[in-house]
Protein chains: 2
Amino acid sequence: MMMRRWSVSARVGPTASARSGRGRGGGQEPSMATMTDIAREAGVSLSTVSYALSGKRPISASTRTRIDQAIAKLRYHPTASARALALKRTSLLGLAVPQRPDVDDHVIMEFVGSILSAAHEADYDVVLVTAEDRERALRIVEEGKVDALIVMDIVEDDERLPDLARLHSPVVLIGNPQDTNGLACVDFDFLAGAMLAVRELHGRGASRIAMLKPPSAAAGGPVPTYARRARLGYTMACAELGLDSEVVELPPDSAAVADFVRDQILSGARFDGLFVHHEPALAMLGRAMSQLGVACPEEVQVAAIAPADVARNGPWEVSSVDLPIPSIGRSTVAMALERLRDREVPAHTRLLSPTFVPRATTLP
Amino acid sequence: MMMRRWSVSARVGPTASARSGRGRGGGQEPSMATMTDIAREAGVSLSTVSYALSGKRPISASTRTRIDQAIAKLRYHPTASARALALKRTSLLGLAVPQRPDVDDHVIMEFVGSILSAAHEADYDVVLVTAEDRERALRIVEEGKVDALIVMDIVEDDERLPDLARLHSPVVLIGNPQDTNGLACVDFDFLAGAMLAVRELHGRGASRIAMLKPPSAAAGGPVPTYARRARLGYTMACAELGLDSEVVELPPDSAAVADFVRDQILSGARFDGLFVHHEPALAMLGRAMSQLGVACPEEVQVAAIAPADVARNGPWEVSSVDLPIPSIGRSTVAMALERLRDREVPAHTRLLSPTFVPRATTLP
DNA sequence: CTGTTAGCGCCTTCAT
DNA sequence: ATGAAGGCGCTAACAG
């Protein structure tokens, strides 16, 4: 049975013209009830109300009842700012999201959604700032507007890291730059993931395995930290297995993909396995192969690194090392909260282990 | 005259022992500098520092300089919670975003992005909550964690409205429900937009104009508030122009769209104008018409209501009444801030006027 | 089990 | 142009 504590007893009127209780009718600010009001109404002391609410001290049943009634009657709600000032914590996490046009909105929303859920479960709320507004991100933590900061879309040699490293509050990066600047990081283990994909292809008979990836960003452009690690994993796995390695950079347009399939697979038969780390090209590849009549699991096997929904939707069901975006989001929040607890433990990096999910593009 | 050493008026507590001097690096909490520290360092009073920072009182150049130096030296940053408590405002806006799978992530991100920008420009930050978590949305405003709340994705007969209407802080809805419950609303004027699209088609020679829309949600499912208004605009415009009206509900799959084109346009030639309020079907329609050999501006003209990028991308450039998502976002923030200023002005609805952009699917 | 009280860091009305 | 002092609403020692 649900005991209503903050229940709303009665509706007033259409316009809620029933201004504050007794005061004088001159109704200005509704001027919400405070803990002092509750104390008076319940005939107890201020601190008793506080302890009743926080449960940090035993309260007699009768007292608690009177307090609860007063709270319901006056529609009391604790004031976040006051609590924050006294506790020195806001129960707010900062989240810097990228607004660059070249990042997939769907992926971002998945991150944001999982981070929101995880934060809410721990009774934290989330303040969003755009990653491009560096000043603002720094400011909300310096001013104590948030207790910790999560930064998405970290790129190689990210220029924000030195500033972030100076902050006195926990900062967690989503990504894994070569130089973390001593900051905590959470990410998928792209290196292990790439190796796993290659091994799975090889274990299923492929021996001429190419890696397909997007063109390296235009010189100087930002490079996501996973690009290097995935590529490294691929070459390491090939080396380990004694295979030749060849990285093919493919622009994300159907023509280029079709050309590749025609030249390198159909005619050349150069590859019997493809490791694809290139989400937009995945669907194009599927269409090109079916149109050109390349038998997929038989002639050439395909394994990708991609979010599960990307791998499954589209024209075919691609076997893949699934990118567990929600897990990354949750781990990130968890790490932020941990660092909020133990300010002392040194920052570390947490890489989520890969799992291979065979689907329709690899042999059984 | 009284020579007061830096008044230790109330610094007795064990906490305020002010051992902040370099002491030893026993380093516990960095314990950020406060305004009192700045005052001491600059040799002025607390209030002087406060006024220097807020600029609400003239400060002599020399004093200001010393204060600025102290601030720089001690790396001072005002504390948001303290300021919020004193000012009774947090400079934080709440934003409830939908997480329903059937809302386009891209559109959401556009809303969120524009709202973030607008808020930041006014020196507000944004707290994100998921619309599904109604309790939480209410709570962040009741506890004064945010100064106002913006709620996206309002549906017809939205069950959240009564609760939102009870709040004592400004609430702004994105959408325009029939019963606003006295809440402020901002939205695109879908009614006028639909009428405009029909008139433009008619003005260009079309006289048998159908409206294409997604199937009405399964009974009981949430219905976005714009569905009714767009449809109403269509029928009103047809009536006004003395045209027959026919609303065609099309599921968002290529087969259905192709069937429609084949049966109703190719064979039947029943329509020479299509008013499309159905984003996912737009691209499908373009492909179907070109594959089936329907001459687009000549045989049948098409005008849509859609975000500009949706209208322009895809297989054809659709003439359309562009949905100005960023403007809606900005207006929403503006309205929230207005209501924060003038708590008295009654809530009202703001509908953004439509503009027709002729592109390739209408005659000149 | 319950009160009393001193802050948390900043703003602002009075004095000067 | 500058100080002094009293909150803002809540928490957490200290006393009983």
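Residue numbering restarts at 1 for every chain, and letters A, B, ... go by the order of the sequence lines.
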Side chain of [X] only, please: which of [options] is the nearest?
| X | options | answer |
| --- | --- | --- |
| B:S45 | D:dG3, D:dC10, C:dC11 | D:dG3 |
| B:T48 | D:dG3, C:dT2, D:dG9 | D:dG3 |
| A:L87 | D:dT2, D:dA12, D:dC10 | D:dA12 |
| A:S60 | D:dT11, C:dT2, D:dA1 | C:dT2 |

Between A:S54 and B:A82, who's closer to the 5' end of DNA chain D by nearest nucleotide?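 Its nucleotide being nearer the 5' end, the pick is B:A82.
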Mapping A:T34 and B:R57 to their closest nucleotides on DNA chain D, which lands nearer the 5' end? B:R57
Within less than 4.0 Å of OP1 or OP2 of [N], is there a side-chain N or O belonging to [X]?
| X | N | value |
| --- | --- | --- |
| B:K88 | D:dG9 | yes |
| B:T79 | C:dC8 | no |
| A:T36 | D:dC10 | no |
| B:K56 | C:dT12 | yes |
| A:Y51 | D:dA13 | no |

Is the number of heavy atoms from other residues, nucleotides or ligands within 6.0 Å of CD (A:E132) greater than 12?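 Above 12, so yes.
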Return yes when atom CZ of B:R100 has more than 12 non-hydrogen atoms of other residues, nucleotides or ligands closer than 6.0 Å, and no otherwise. yes
Heavy atoms only, 4.0 Å cut-off, all strands: where does [X] land among base, sugar-phosphate and nothing?
| X | value |
| --- | --- |
| B:L85 | base |
| A:I59 | sugar-phosphate |
| A:V44 | sugar-phosphate |
| B:S50 | base |
| B:S47 | base |
| A:S81 | nothing |

Whole-Å distance separating the [atom1] atom of [X] from the [atom2] atom of [N]:
| X | N | atom1 | atom2 | result |
| --- | --- | --- | --- | --- |
| A:K145 | C:dG9 | NZ | C1' | 16 Å |
| B:R83 | C:dT12 | CZ | C1' | 14 Å |
| B:R40 | C:dC10 | CZ | P | 13 Å |
| A:M35 | D:dC8 | CE | P | 15 Å |
| B:R89 | C:dC10 | CZ | P | 16 Å |
| A:L46 | C:dT4 | CG | C1' | 10 Å |
| B:D147 | D:dC8 | CG | C1' | 15 Å |
| A:M32 | D:dG9 | CE | C1' | 14 Å |

Check: B:R139 and B:R136 side chains under 4.5 Å, non-hydrogen atoms: yes
Do the side chains of B:R160 and B:D163 get close enough for a salt bridge, i.e. N-O under 4.0 angstrom?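 Result for this pair is no, no salt bridge flagged.
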Knowing that exactly one of B:L149, B:T349, B:N181, B:L161 qualifies, which makes a side-chain contact (heavy atoms from CB on, under 4.5 Å) with B:L173? B:L161
Counting N and O atoms only, with roles assigned by atom type, does the side chain of A:R64 sit under 3.5 Å from a partner on the main chain of A:A52, one being a donor and the other an acceptor? yes
